[in-house]
Structure formats: C-alpha cells, structure tokens
Amino acid sequence: MKIKIAKLVEDTFRNCVAGGLISAANLPYMEVEVPGNPEHGDYASNVAMVLASQVKQNPRKIAEIIQANLVDPENIIAKTQIAGPGFLNFYLKESVWQNTLCVIEEQKEEYGCLDIGGAQKVQVEFVSANPTGPLHIGHARGAVVGDVIANLLKTAGYSVDREYYINDAGNQMNNLGKSVLFRYRELLGEKIEFPENCYQGDYIKHVAQDIIEKAGSKYLAQNEEETIRNFTAIAGEVILAEIKDDLRDFGVMFDYYFSEKELYKNDGVAKLLDSLQKQEFIYSDGETLWFKTTAFGDEKDRVVVRKNGEPTYFAADIAYHLNKYSRGYKMIIDIWGADHHGYMPRLWAGIQALGQEKESLKIILVQLVNLLRAGEPVAMSTRSGEFVTLREVLDEVGKDAARYNFLMRRSDSHLDFDLEVAKKQSNENPVFYVQYAYARICSILKMAEERDIALPTYKDIDPYLLQETDEIKLMKIMARYPETIYGAARTLEPHRIPFYLNELAGVFHSYYNKNKVISDNKELTAARLFMMSTIRIVLQNALKILGVGSPEKM
RNA sequence: GCGCCUGUAGCUCAGUUGGAUAGAGCAACGGACUUCUAAUCCGUGGGCCGAGAGUUCGAAUCCCUCCAGGCGCACCA
C-alpha cells in the first residue's frame, strides 16, 4: 500500500513537471509513511518539503499543486489534506481496507510474501561455533537472528541457504583432543595436572569415559600425537552431533555444514594464496606471507602464512568466502558475535581482492549476551567449563520464549539476560501475549464450528458491517503487514516483526474484550468470524517467520 | 592510546535511511470475569532522549567535542 501511494505521488510529480507546474529536474528521496498520529491520515508524504529548496517555493504551495493534480487511477483516495509545514496527508477509502481482508483470504500463508529478491541466491552463515564444547547462551542469540533473517529473506523472495562453518582445523581442536587425553588418563587412574589452557567442562570427561567403554585403555600405549588426533576426531564428532541436536530443538536447521578441512583438500588454500601472490596482493618478508589488506582500507596488513609454515585462520577464511561465491551466491550474510568486529575490514579486503563487491558481503554483528543470575554476572568461558548451555536455557525458559526474547531487540543492542528473571517472568513473557491472541481466535472459530456456523468466505459477508473503531484499526494493521516484512527484510532487522505482532495482538485483545464475535446477528457474526480468520492467518504467518509456535490452545 | 557498539520513563527496550504532541512492555496505583480462554481488558501517574556546541523550515535521529558502560586492537579462532 505504501508503495502504491509513493507511486501515485511520483506519477503526479512527473505530470506536474511535464505540465510546467513544478520546475524541478528530478524527484529527491521522498518518504511515504504511516503517521504516528491517526489524525494525520492513513499515509503521509513529505514530498513538498523535500522539493522546497530545489523549487524555491513554500512547501505548502507545492503541496497544493500536487494535491490539485493528483492522479488516482485505482480510485483509492478518499481525501487529501495539507498540514503542518507541508505534509500531504492521504485518507484512504474504506473499501481499500476491506479489500485487504479479501487479499489475505486469497493469499493465505502467502500473504506477506514479496518478490523483491527475484529468487537471487543468498547464503546466511551463522553460529559456526567450533565443536569444542556445547553451545551456550551466547550462541543462542546469533542462532536465532541468523535463522530469522534467513526466513525473512525467503519470505521476501530470495533463494536462501543456511550454512554452519565448522572450524575444525585449528589449534583449538588440537586442544580439545589433548583435553580428552588428559581426562582419559585420569579416569584410568593416572595422576595428572590438568593444564589451564585445556577445556575443563564435564562433557570432556563423558567423551573420555565413552572411549574407555568402547576401546579400553589401549590408547595409553600408543603414540601420543596420533592419539590426540584420534581423540580430536572422536570428540569433535560427538560434540558436533550434540550441537546439531541442540539447534534442532531450538528450531534452527541448516542446509549445509561446511568443514574447514574441506578447504585444505587438493591444496585449495595454498593454490589460492599462490594466485593472490601473482596478483601482488600477497608478499613475503622472508619468514611469513602477508596479505596487503591496507590496500582496501584495513589499518595494517595481515599474516596469511605463519613463520612455522601454517596458514592462519584468515587465509582459510578467504578461501571459504571464495568458495561461497563460486557456489553462485550473489549476497552473502555472515552473522558474527560483536567481539569479532575488528575482523571485518580484513575480510572485506579479502573478498575485494578476489574481485567481489564489498556490498555483496553483509556482516551482521550480534552483541554479546550479558548473562546474569539474580542480578549477578555469570562468568562465561568455554575453556573453564563455566557456562550456561543452550540446552539449559531451552529446558528452563522454553524455545518460544527464548527465541522471542532475543528477537525483540535490535541485534546491535547490548542485552542483559537474567536467568532468574527469565524464569520468573516466563508466565508474563511477551511471546505469550501474541500466542494467546492466536489461541483465542482459534477458540472462537472452534466455538462457531460447534454451533454449526460455517466459516464464511469474503463473498458471503458484508464488509461494511465492520465499522467498529477497532475493526477498522485491525484491518489497517493487517494491511501494513507486507510492508513490515519489506522493511525488516531490506534492513535485515528481525526485531520489527515482534513489535508488529505485539501491536496486532494488542488491538485484537482490546477488541475481544469489547465485542462479541458470535452473536444473534447472523450477518455481523459472519463478517466478524471472517475477520478473525484473517487475523489468524497474519499471526500465523508472522510467527512462522520467527520460528515461534502458534498454539491453538493455551 | 586507537577503533567499533551502546546511552530514550524506576527497569527492559522501540522510535520506520531528518518530520507533526517522543512510544510499548514490565513494575506502581485504581477498576472489569453469570459472557467466544482474566496468560486479557479499561484508567492513572511517570521524560533536560548521557552532556555541550553546530548543520536547517524541523534533530532522539546527521557533524564535532566531551562523559559513562561494553567489546576489540595476534603469526587465536
């Protein structure tokens, strides 16, 4: 609808310019918005104000010209008004809102789906925690944000893949194997001093115990390096399987798990570095190889091959991103913890050296979660084994509440997550407010069914019976749903959807308390029942994008 | 020291790429169930938008300088 109004204003503008009424070459960026105050109309445009300086005329005067020449081929405008410093306010005909009910019925689960993506291939890479321990609360936020951004883009018409990058080739993995070996020896009666830089969580002991149960003590006699490699592989596999389980129960499913090891096959990384060296993006100082990231705005050049001959994480990461592009993705979205923000210029430099546009790689920083228990900070460290796992949060708070909690905030805002508060408030969590609205509607529809009132279609009802203030409000909010999706997808800001849902549910609850849907008035009952069914569709569509359940009973 | 993020009601946060009188939830207080679910609704109070200066018709939003908190500044990932 917003787009329609904007087009209408643009067309009018062109006509006015062609007719010599306005002397302006082109239309500057103009806005069409839903005003905060309903008295300012259904939509408002600032077109006259942005034109004022160029045309050198009073904004109100310009607004008058546009108003007088307004083209309205679909005949949707009831009236217009010039207000304030030069706003042009639009009041739409009632039939426009009623018509959205019809559109929702036609489109059902497709309502809100857009085509701005043009089926372009997009990849969202997120979580990507190395499998050295279970996922914790800190990973949860990034997991949900990535998942919902993927859902959003899909809804907006992109062809989306979700990918998890498994960092299973580095030092940390070696540490993991070592940690298991220490516990292994310990469990077999050896007295050991457990090193501080090893992983100390109980899950390491479980892995060691499993190995003992399956293979006994035979590894004690074997070559240590080989054993560590073995244990690394075993532990990595076990832990990754657990990570996948946790994610699945959190409602997050990936299309691909991409192993870092894959990049090293057939000398992939080395070949890439060779080719970059030929292009003079990489130089040697005799001991190490450096990437000239400063050529693309980084503050210093970065090492890609260490003194000891091993490539850095960065080297593999360039290869990884090249691999992404070679798989045909036109837009790549990386979701990172905000503690990695310093890494952005480096990676952007990397992909630009590969000939890719900086804009094609979008990096979403998700601020770290500040975990509290009853107001006291909880230390979080995978290595020390001190952390609250995603699994625990799922058990305590529940999937829907946890997801909604993370989705309500902008991803770049810092977030306190107090476990005690989350538990205590679980019954008054905003997610229930929305789900309750859904359940109530289901309940009404069920009641109608029990009374043998058939669910009407748009053709069966008289939409002009829906005249209550809240009924008009509900229709307007529902009409705004597609543009809400549009805005959230364009800015990659999932939090807009919970806010939208909260508003829709709020007006519904208010309406519910004031009005009976099912009454003796047959025509009115039919019209209202129909509207309930459309609200249910919108709620369900939006909740689905969030990956939050829509229960029919609560 | 340098860079990035944040600062809005008592608390947690929105504020649609500069718009009209800055909003919501929670908490507080007062009301509403003989009714399609009271996990709801109705009402009341609550603000120097961190501070200061600037840009213009107009600033919570943009520029600059400070202050406070968080996170980075590896041949770790």
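No experiment lies behind these values; they were computed from the predicted model shown.
- Candidate nucleotides B:rC75, B:rG19, B:rA24 were compared by shortest atom distance to the side chain of A:P85, and B:rG19 ranks first.
- In this structure, A:M554 reaches the bases: a heavy-atom distance under 4.0 Å links it to at least one base atom across the strands shown.
- With distances taken from any side-chain atom of A:R440 to the nucleotides B:rG72, B:rC36, B:rU40, the minimum falls on B:rU40.
- Taking atom P on both B:rU40 and B:rC4, the two are 43 Å apart, rounded to the nearest angstrom.
- When heavy atoms are screened at a 4.0 angstrom cut-off, A:E552 is found touching base atoms of the nucleic acid.
- Separating the C1' atom of B:rG45 from that of B:rA9 is a span of 11 Å, rounded to the nearest Å.
- The pair A:K324-A:E163 does not count as a salt bridge, with every side-chain nitrogen at least 4.0 angstrom from each carboxylate oxygen.
- Between B:rA39 and A:Y436, a contact under 4.0 Å exists linking OP1 or OP2 to a side-chain N or O.
- Closest-nucleotide positions on RNA chain B for A:I444 and A:S45 were compared, and the one nearer the 5' end corresponds to A:S45.
- The base-pairing partner of B:rA39, taking Watson-Crick or G-U wobble contacts with both distances under 3.5 Å, does not exist among the strands shown.
- In plain terms, the two heavy atoms of A:N175 and A:S179 that are nearest each other are O-OG, 2.6 Å.
- If you check the side chains of A:D400 and A:Q435, you find a donor sitting under 3.5 Å from an acceptor.
- Pairing for B:rA20 is absent, with no Watson-Crick or G-U wobble pair whose two atom distances lie under 3.5 Å.
- Within 4.0 Å of A:M49, counting heavy atoms only, lies at least one base atom of the nucleic acid.
- Summarising the base pairing, B:rG46 is matched to no nucleotide, lacking a Watson-Crick or G-U wobble pair whose two defining distances lie under 3.5 Å.
- Going from atom CZ of A:R346 over to atom C1' of B:rC73 covers 9 Å, rounded to whole Å.
- Counting non-hydrogen atoms under 4.0 angstrom, A:K446 reaches nothing in the nucleic acid.
- Other residues, nucleotides and ligands place no more than 12 heavy atoms under 6.0 Å from the OH atom of A:Y486.
- Looking at heavy-atom distances under 4.0 Å, A:N167 makes contact with sugar-phosphate atoms alone, never a base.
- For the P atoms, the distance linking B:rC66 with B:rG3 amounts to 10 Å, nearest Å.
- For the salt bridge (charged side-chain N to carboxylate O under 4.0 Å, His left out) criterion with A:D42, the lone passing option out of A:K79, A:K2, A:K476 is A:K476.
- Of the C1' atoms belonging to B:rC49 and B:rG18, the separation is 15 Å, rounded to the nearest Å.
- Taking 3.5 Å as the limit, the base of B:rC71 and the side chain of A:H341 contain a donor-acceptor pair of atoms between them.
- Applying the 5.5 angstrom centroid cut-off and the 30 degree plane-angle cut-off, the aromatic ring of A:F87 is not stacked upon the base of B:rG19.
- In this structure, B:rU65 and B:rA51 make a Watson-Crick or G-U wobble pair, each of the two defining distances being under 3.5 angstrom.
- Annotation: A:F296 is in aromatic contact with A:F281 [ring centroid separation under 6.0 Å].
- B:rA9: no Watson-Crick or G-U partner with both key distances under 3.5 Å is found in any strand.
- A distance of about 16 Å separates the C1' atoms of B:rG52 and B:rG7, rounded to the whole Å.
- A:A448 comes within contact range of no nucleotide atom at all, as no heavy-atom separation falls under 4.0 Å.
- For B:rC42, one of the phosphate oxygens OP1 or OP2 lies less than 4.0 angstrom from a side-chain nitrogen or oxygen of A:S510.
- Comparing B:rC75, B:rC41, B:rC36 against the side chain of A:Y433 picks out B:rC41 as the nearest.
- Judged by ring centres under 5.5 Å apart and planes tilted less than 30 degrees, A:H340 fails to stack against the six-membered base ring of B:rG72.
- If you check B:rC71 for Watson-Crick or wobble pairing at under 3.5 angstrom, you find it paired to B:rG3.
- Closest of all the heavy-atom pairs between A:T294 and A:D301 is OG1-OD1, 2.7 Å.
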>> Counting primed atoms plus P, OP1 and OP2 as sugar-phosphate and everything else as base, spell out the protein contacts along nucleotides 9-17 of chain B at 4.0 Å heavy-atom distance: B, S or - for each nucleotide, 5' to 3'.
In response: ---SSSSBB
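- Nucleic acid contact class of A:N89 (heavy atoms, under 4.0 Å, all strands): base.
- Annotation: B:rG46 and B:rA27 have their C1' atoms spaced 12 Å apart (nearest Å).
- With both ends at atom C1', the span from B:rG15 to B:rU21 equals 15 Å, rounded to whole Å.
- Map A:L445 and A:W290 each onto its nearest nucleotide of RNA chain B; the residue landing nearer the 5' end is A:L445.
- In the interface, the side chain of A:N37 is not paired with the base of B:rA22 through any donor and acceptor atom under 3.5 Å apart.
- A:A83 comes within 4.0 angstrom of a base, heavy atoms only.
- We find that CD1 of A:I82 is positioned 16 Å from C1' of B:rG19, with the value rounded to whole Å.
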